[in-house]
Amino acid sequence: MTDRGGPLRLGFLMFPGFPMACLTSAIEPLRAANEITGRQEFVWKLVAESSAPIRSSAEIGFDPDVTLQELEAVDHLYLISPPTAEYADPRRSPAKLRWRDRTGVTLGAFSGGIFPLARAGLMEGKPCSVHWCYEAAFKADFPGIEAREVTILREGRRITASGAGAVFDLMLRLIEERLGRDCMTEVACWFQHPFVRDADASQKVPVARSGGTTDNLPVAIREAIRLFETHVEDPLRIPDVAAAVGLSGRHFERTFKRETGQSPLRYYHHLRLMKARQRVLYSNDSLRDIAASVGYMTSSPMIRHYTEFFGVSPRDERRLTQTMRRAPGRVEAAE
């Protein structure tokens with residue numbers, strides 16, 4: 001428990017299409033901690049670039065309490081957005097965030113909020129947590145920033161959380177640090193939160209078309225998938241991967257298919273297409289650049305394979321997604 005000296009003041013900077021679950025996962029445990037203690041241990045403000053309502057990914061509108069330019073003193077300020085978020089005021093808003101940094105404010109991001117935080121120049125030389133859905137697009141946009149697979153990353157006065165569950169865990173940690181473990185445990189039990197993950201817990205990542213997650217796989221298959229993940233632009237030969245994980249080619253093929261439902265070659269192919277899709281949906285990169293980034297010499301075979309796998313061409317999917325972002329009822333951000 002820390003010396004409190006007044007409530008912890010938090011701001012949540014919302015961008016259009018932000019994942020609503022991240023916001024509620026931040027506020028609800030803090031609200032519960034206040035109720036349990038009978039004190040205002042945490043106070044918060046909803047912040048936006050303007051005073052106009054901000055619609056979330058669920059198409060529910062939120063009225064900001066204050067604009068970014070008018071926000072008074074806070075201890076923590078978190079950006080919540082889809083990965084495609086742009087600043088409405090690209091000159092003043094990033095400058096205001098950089099000023100907050102200079103005054104000692106802890107800055108952070110939830111889900112796609114890491115994109116505008118990085119665009120403001122505030123993640124240089126600092127690793128961050130990036131949701132696995134956005135990893136390929138983030139690395140393409142910010143190759144100099146280290147993206148880690150952990151759910152939460154606290155690096156000095158930078159705090160990044162990959163999704164709504166991670167945000168809830170982060171708030172529990174803040175509650176524990178401020179009010180002690182007993183209060184944190186009671187808050188977790190209020191919401192029937194099953195467990196509190198370690199700060200360096202890895203993200204849960206689905207195994208393509210298997211209905212499971214990577215952490216449930218045998219060590220050799222997990223390592224093979226890690227090799228696939230780190231060699232997307234320069235694909236490896238399957239026999240070389242088998243040798244690297246200590247299995248014969250036949251044993252590797254049989255074990256991999258038993259555990260994932262797919263051959264290693266098919267899985268690897270699908271993985272590369274999934275990485276391509278992230279960049280189609282969350283970047284403006286050309287199809288030629290996207291194809292090169294996932295190991296294709298030219299864009300034509302990538303477009304053909306993409307269309308066969310997803311049932312829509314990358315151009316049409318990008319166009320449809322951009323239209324949906326502008327339309328009511330859109331689905332924008334991972335929660």
Side-chain angles (χ1 to χ4, degrees), residues 17 82-86 112 114-115 118-119 130-145 147 149 205-211 214 221 223-245 249 252-253 256-257 259-327 330-334:
T84 52
E86 299 287 349
I114 187 59
F115 284 77
R119 289 187 186 112
V130 177
H131 195 291
W132 61 267
C133 276
Y134 307 143
E135 177 197 24
F138 185 85
K139 288 181 175 179
D141 280 358
F142 308 104
I145 300 176
E149 295 181 353
V205 179
V207 177
R209 300 194 168 188
S210 77
T214 52
I221 304 306
E223 176 61 14
I225 290 175
R226 187 194 68 78
L227 290 171
F228 291 159
E229 289 269 3
T230 54
H231 290 81
V232 171
E233 186 172 352
D234 53 336
L236 300 169
R237 295 173 61 250
I238 298 302
D240 292 340
V241 176
V245 300
F252 177 60
E253 291 268 352
F256 197 98
K257 189 164 187 178
E259 296 295 335
T260 70
Q262 302 173 76
S263 70
L265 184 61
R266 186 170 179 80
Y267 181 94
Y268 199 5
H269 185 210
H270 289 175
L271 172 67
R272 290 162 57 204
L273 289 173
M274 292 295 290
K275 298 292 186 183
R277 191 182 194 208
Q278 289 183 23
R279 293 183 66 175
V280 167
L281 297 180
Y282 304 123
S283 81
N284 294 316
D285 297 333
S286 71
L287 294 186
R288 178 186 301 174
D289 287 345
I290 293 173
S293 76
V294 294
Y296 286 88
M297 297 295 291
T298 64
S299 61
S300 295
M302 190 273 287
I303 292 171
R304 184 174 69 254
H305 294 156
Y306 189 108
T307 304
E308 290 170 356
F309 186 59
F310 297 114
V312 61
S313 73
R315 287 189 182 89
D316 288 344
E317 184 160 45
R318 176 175 276 178
R319 189 180 305 116
L320 176 62
T321 301
Q322 290 172 345
T323 301
M324 289 176 64
R325 285 175 185 147
R326 294 190 293 266
R330 66 182 181 276
V331 176
E332 180 75 67

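Values below: all heavy atoms of this structure, side chains included; hydrogens, waters and symmetry mates excluded.
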Checklist outcome for this item: Taken in chain and number order and not counting sequence neighbours, the residues that satisfy salt bridge (charged side-chain N to carboxylate O under 4.0 Å, His left out) with Arg315 are none
Next on the checklist: Between Arg226 and Glu223 (salt bridge meaning N to carboxylate O under 4.0 Å), is one present in this structure?
Outcome noted: yes
Checklist outcome for this item: So CG of Leu271 and CZ of Arg266: to nearest 0.5 Å the spacing works out to 13.5 Å
Checklist entry - Do Phe309 and Met274 come within less than 4.5 Å of each other through their side chains, counting heavy atoms only? => result yes
Checklist entry - Is any side-chain heavy atom of Leu320 closer than 4.5 Å to a side-chain heavy atom of Val312? => result no
Next on the checklist: Given 3.5 Å as the limit, does a donor-acceptor pair link the side chain of Tyr267 with the main chain of Ile225, or not?
Outcome noted: no
Item to check | Residue list, side-chain contact (heavy atoms from CB on, under 4.5 Å) with Glu253, at least two apart or on another chain | outcome: Ile238, Ser263, Pro264
Item to check | Sequence-distant partners of His305, ring pair (Phe, Tyr, Trp, His ring centres under 6.0 Å), two or more places apart | outcome: His269, Tyr296
Next on the checklist: Any non-hydrogen side-chain atom of Ile303 less than 4.5 Å from a side-chain atom of Pro314?
Outcome noted: yes
Checklist entry - Should Asp289 and Arg279 be marked as a salt bridge (charged side-chain N to carboxylate O under 4.0 Å, His left out) after you check the CA-CA gap, both sets of side-chain angles, and the distance that decides it? => result CA-CA 10 Å; Asp289 287 345; Arg279 293 183 66 175; 5.8 Å; no
Item to check | Phe310 vs Tyr306, ring pair (Phe, Tyr, Trp, His ring centres under 6.0 Å): CA-CA, chis, key distance, verdict | outcome: CA-CA 6 Å; Phe310 297 114; Tyr306 189 108; 4.7 Å; yes
Checklist entry - Hey, mind stepping through Arg119 and Phe142 against side chain to side chain contact (heavy atoms under 4.5 Å, CB included) and telling me if it holds? => result CA-CA 9 Å; Arg119 289 187 186 112; Phe142 308 104; 3.6 Å; yes
Item to check | Flag, side chain of Arg318 to backbone of Ser283, donor-acceptor distance under 3.5 Å | outcome: yes
Checklist outcome for this item: Looking only at heavy atoms, the pair that brings Ala276 and Met302 closest together is CB-SD, 4.3 Å
Checklist entry - Are any non-hydrogen side-chain atoms of Tyr134 and Phe115 less than 4.5 angstrom apart? => result yes
Next on the checklist: Around atom CG of Asn284, are there more than 12 heavy atoms from other residues, nucleotides or ligands closer than 6.0 Å?
Outcome noted: no
Checklist outcome for this item: Output for pair (Leu287 CG, Thr298 OG1), nearest 0.5 Å, gives 11.5 Å
